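Remarks on the structure that follows.
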Amino acid sequence: MKGSARKPPGLLASLQRAEERALERELELERGRPAPSRYQVPPVLYLPVTAGPSGNIAEVRPTREGRRALLAYSALDRLLAQCGDDQPWVLVQIADLEELMAEQPFDLIAFDANIPPGMSENGRLS
């Protein structure tokens, strides 16, 4: 249709395509072809949160490009190492990310992100 905007793919569809691309790269490796490094998306993610008036709020930070990045960690030890030992967190299933995105918009997921010095204090994100 002329003038109609194409609806962007849902978050779950994007994650599914990323997983499919990872499987394709794995098959290329088995066939002896070089493949770029890949990132397997785990079934659950650890999200750093802050307390809000109606419950926990996931940490969404701006990128240099002006996009909104959801901080997500594939393991609790990684979250604590980057955010601090006193950082509150929640465990979220990948299937629930689309609902979270509707409640708290973000443009991308920053997996296992390194937190620069000065962005945390007293054992938690600031």
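As the structure is a prediction and not an experimental result, all values here were calculated from the model.
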**Prompt:** If you look at every heavy atom in Pro42 and Ile94, which pair is closest and at what distance?
**Reply:**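 Minimum heavy-atom contact is O-CG1, 3.0 Å.
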
For a 4.5 angstrom cut-off between non-hydrogen side-chain atoms, does [X] reach [Y]?
X      : Y      : result
Asn114 : Gln82  : yes
Cys83  : Trp89  : no
Leu91  : Leu47  : no
Leu97  : Leu70  : yes
Glu103 : Met101 : no
Pro88  : Arg124 : yes

Are [Y] and [X] linked, directly or through intermediate hydrophobic residues, by side-chain heavy-atom contacts shorter than 4.5 Å (ILVMFWY only)?
X      : Y      : value
Tyr73  : Leu76  : yes
Leu71  : Leu108 : no
Met119 : Ile57  : no

From [atom1] ([X]) to [atom2] ([Y]), nearest 0.5 Å:
X      : Y     : atom1 : atom2 : result
Leu79  : Gln87 : CG    : CD    : 6.0 Å
Leu125 : Asp86 : CG    : CG    : 11.5 Å
Gln104 : Glu59 : CD    : CD    : 8.5 Å

**Request:** Examine the side chains of Arg78 and Ser74 and answer whether a donor and an acceptor come within less than 3.5 Å of each other.
**Result:**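 Short answer, yes.
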
**Salt bridge flag under 4.0 Å for residues Arg68 and Asp107** =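 Yes, Arg68 and Asp107 are salt-bridged.
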
